[in-house]
Amino acid sequence: MQSSNKFNHTTQIVGVMGHPIKHSYSPLMHNISFEILNLNYIYLPFDVTVTNLKTALKGMVALGIKGVNVTLPLKEKIGQYLNEVSDEAGIVGAVNTVVNENGNLHGYNTDVHGIIETIAPFRDEINGQTVTVIGAGGAARGVLYALIKEFKPEKINIVNRTADKAESLKEYFISKMLFENIYAYELLPPDLVGLFSDSKMIINSTSIGMSPDIDDAPTTIPESFHKDQIVFDVVYTPLKTKMLEIAESQGALALNGLKMFVEQGAKSFELWTEQLMPKEKIFKTLKSYMEA
Ligand code: NAP
């Protein structure tokens with residue numbers, strides 16, 4: 001952290017709004033970056049509920065707060081209060097970054113960038129193949145948008161605990177992005193072993209397996225996975241979720257959510273400061289912090 005005597009009348013304030021907020025690693029990531037680059041910024045956590053959101057945004061403008069990240073449960077609610085929302089955030093239906101431009105609030109979705117950067121090295125493997133996305137919340141919407149826009153899977157399966165939500169997400173992406181080869185399923189692991197194992201890539205975009213529920217996984221059936229697969233979990237606490245542990249034991253290539261987290265943060269950082277986050281250093285720092 002910067003020492004307090006560094007802050008003065010030119011210090012710019014950014015932060016994260018959400019509820020609850022105390023477990024976020026974003027303050028650590030951004031404040032270390034400001035310190036490394038010697039930028040006169042501070043990143044603070046703001047505990048904001050849905051009820052207080054509109055007032056909090058008015059306060060943000062009144063106080064000249066430069067920008068915020070937005071997390072649960074506000075990502076899908078905040079768009080209506082902003083002056084402008086990027087095309088990407090509009091289609092995804094979720095905003096995770098707000099920039100205050102002289103009192104005008106602009107919304108972006110940098111999770112999409114984090115997802116693209118994480119799976120870009122596997123572009124050729126995914127091209128023309130089946131990808132299964134577990135989840136139908138904000139993260140899943142970002143994953144579906146990124147897959148359809150940037151990669152060329154032949155087919156996408158959406159699997160979710162609440163089948164209706166998977167079904168409406170399917171219809172939404174068919175109509176919004178004109179991707180027809182998309183199917184919805186309820187998350188019933190014994191019935192889905194074949195669907196999982198026929199997928200070149202499986203992406204968990206739910207909170208299943210996130211600390212403290214580290215023994216949970218979307219499927220614990222080892223035959224869901226095999227050595228020719230890429231398995232990506234958006235969760236990064238713990239770094240190796242139960243799902244990734246099982247997938248790796250079957251020979252699959254496992255990707256955790258830390259790269260996505262750093263990349264989405266780096267994009268937000270760039271939107272606020274017009275500087276590049278020192279990503280490699282931040283990635284290593286967060287990884288050792290989480291492994292400690
Ligand atoms: P969300 O909108 O609340 O959606 C949650 C999803 O998880 C829904 O599909 C929900 O299913 C499912 N789910 C939750 N608990 C479940 C359980 N016990 N069993 C089965 N399904 C369950 O949340 P979100 O914004 O999409 O976030 C999802 C995860 O992504 C979180 O862990 C978040 O930390 C992570 N994330 C990571 C990054 C990163 O940078 N790595 C960025 C964004 C989010 P139902 O529809 O049935 O409720």
Side-chain angles (χ1 to χ4, degrees), residues 1-4 6-7 11-36 39 41-60 63 65-78 81 94-100 105 107-111 114 135 137-139 142 204-216 233-242 256-269 271-272 277 281-292:
M1 281 289 295
Q2 290 170 316
S3 60
S4 56
K6 254 188 117 174
F7 303 123
T11 303
Q12 301 260 28
I13 301 170
V14 290
V16 53
M17 287 184 182
H19 179 80
I21 206 70
K22 61 182 177 208
H23 298 300
S24 173
Y25 280 97
S26 292
L28 182 68
M29 168 162 67
H30 288 280
N31 285 320
I32 295 175
S33 301
F34 296 146
E35 190 171 319
I36 292 171
L39 296 178
Y41 278 72
I42 185 166
Y43 188 107
L44 299 169
F46 299 112
D47 197 328
V48 175
T49 60
V50 173
T51 320
N52 293 333
L53 178 58
K54 193 175 172 188
T55 319
L57 292 172
K58 281 189 177 166
M60 178 178 169
L63 295 170
I65 291 172
K66 179 66 194 165
V68 284
N69 282 131
V70 184
T71 185
L72 285 173
L74 311 176
K75 282 184 178 186
E76 283 144 65
K77 307 269 190 302
I78 196 169
Y81 304 122
V95 165
N96 81 326
T97 304
V98 177
V99 180
N100 178 0
L105 299 182
Y108 300 87
N109 187 310
T110 69
D111 283 339
N204 174 42
S205 35
T206 74
S207 49
I208 305 173
M210 190 166 96
S211 179
D213 301 315
I214 58 169
D215 290 326
D216 294 348
D233 200 329
V234 300
V235 172
Y236 54 90
T237 52
L239 288 171
K240 191 173 285 182
T241 57
K242 188 77 180 173
N256 65 36
L258 184 57
K259 185 172 168 68
M260 173 181 167
F261 179 66
V262 173
E263 291 288 353
Q264 64 77 33
K267 196 74 185 164
S268 304
F269 187 91
L271 287 166
W272 300 322
M277 178 184 270
K281 279 189 189 164
I282 294 300
F283 185 87
K284 280 188 195 144
T285 306
L286 289 180
K287 189 165 178 283
S288 54
Y289 201 87
M290 288 170 185
E291 283 170 348

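Heads up: numbering here begins at 1 and tracks the sequence.
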D111: which residues meet the side chain to side chain donor-acceptor pair (under 3.5 Å) condition with it, sequence neighbours left out? K75, N96
Working to the nearest 0.5 angstrom, can you tell me the gap between K6 NZ and L39 CG? 8.0 Å
Between the CD1 atom in I32 and the CE atom in M277, the distance rounded to the nearest 0.5 Å is 9.5 Å
Looking at residues at least two apart in the chain, or sitting in another chain, which of them share a side chain to side chain donor-acceptor pair (under 3.5 Å) with K240? E248
Pairing residues for Y236 by the ring-ring contact (aromatic ring centres under 6.0 Å, His included) criterion, not counting sequence neighbours: F261
Please give me the minimum heavy-atom distance between E76 and A94, naming the atom from each residue. CG-CB, 4.1 Å
Point-to-point distance, once rounded to the nearest 0.5 Å, from CZ of F34 to CE of M29: 10.0 Å
Taking only residues two or more places apart in sequence, or in another chain, which ones meet Y43 in a side chain to side chain donor-acceptor pair (under 3.5 Å)? N69
Please list all pairs passing the side chain to side chain donor-acceptor pair (under 3.5 Å) test where one or both residues lie in residues 12-22, with sequence neighbours left out. H19-D47
Rounded to the nearest 0.5 Å, what's the gap from OG1 on T97 to CD1 on I78? Could you check? 10.0 Å
Pairs meeting criterion salt bridge (Lys or Arg N to Asp or Glu O under 4.0 Å) with involvement of residues 257-268, two or more places apart: K259-E263, E263-K279
Could you pull out all residues at least two apart from K287 that satisfy salt bridge (charged side-chain N to carboxylate O under 4.0 Å, His left out)? E291
Kindly give the heavy-atom pair with the smallest separation between V48 and L74, and that separation in Å. O-CD1, 3.7 Å
CA sep, side-chain torsions, deciding dist, call: Y81, L105, side-chain contact (heavy atoms from CB on, under 4.5 Å): CA-CA 8 Å; Y81 304 122; L105 299 182; over 6 Å; no
Evaluate F283 against L258 for side-chain contact (heavy atoms from CB on, under 4.5 Å), listing each step before the verdict. CA-CA 8 Å; F283 185 87; L258 184 57; 3.7 Å; yes
Holding to side-chain contact (heavy atoms from CB on, under 4.5 Å), I want the full list of residues that pass it with I214, two or more places apart in sequence or in another chain. S211, P238
Set of residues satisfying side-chain contact (heavy atoms from CB on, under 4.5 Å) with respect to D213, sequence neighbours excluded: D216
What closest approach, in Å, do S268 and T110 show between heavy atoms, and which atom pair accounts for it? OG-OG1, 3.2 Å
Do you know which two heavy atoms are closest between P73 and V50, and how far apart they sit? CG-CG2, 3.8 Å
In chain order, what residues pass the side-chain contact (heavy atoms from CB on, under 4.5 Å) check against S205, with sequence neighbours excluded? V133, A139, A140, V143, V234
If you round to the nearest 0.5 Å, how far is CG of N100 from CE of M60? 5.0 Å
If you compare all heavy atoms of T71 against all heavy atoms of G18, which two are closest, and at what distance to 0.1 Å? CG2-CA, 3.8 Å
Within the distance-only criterion (no hydrogens, no angle test), does the side chain of W272 pair as donor or acceptor with the backbone N or O of I13 below 3.5 angstrom? no
I'd like to check the side-chain contact (heavy atoms from CB on, under 4.5 Å) partners of K284; sequence neighbours left out, ordered by chain and number. none
Could you grab the distance from atom OH of Y25 to atom CG of L286, nearest 0.5 Å is fine? 8.0 Å
Apply the side-chain contact (heavy atoms from CB on, under 4.5 Å) test between F46 and each candidate in V16, I21, I65, N52; give the one that qualifies. I65
What closest approach, in Å, do N204 and D233 show between heavy atoms, and which atom pair accounts for it? ND2-OD1, 2.9 Å
For S33, check side chain to side chain donor-acceptor pair (under 3.5 Å) against everything at least two apart and list the hits. none
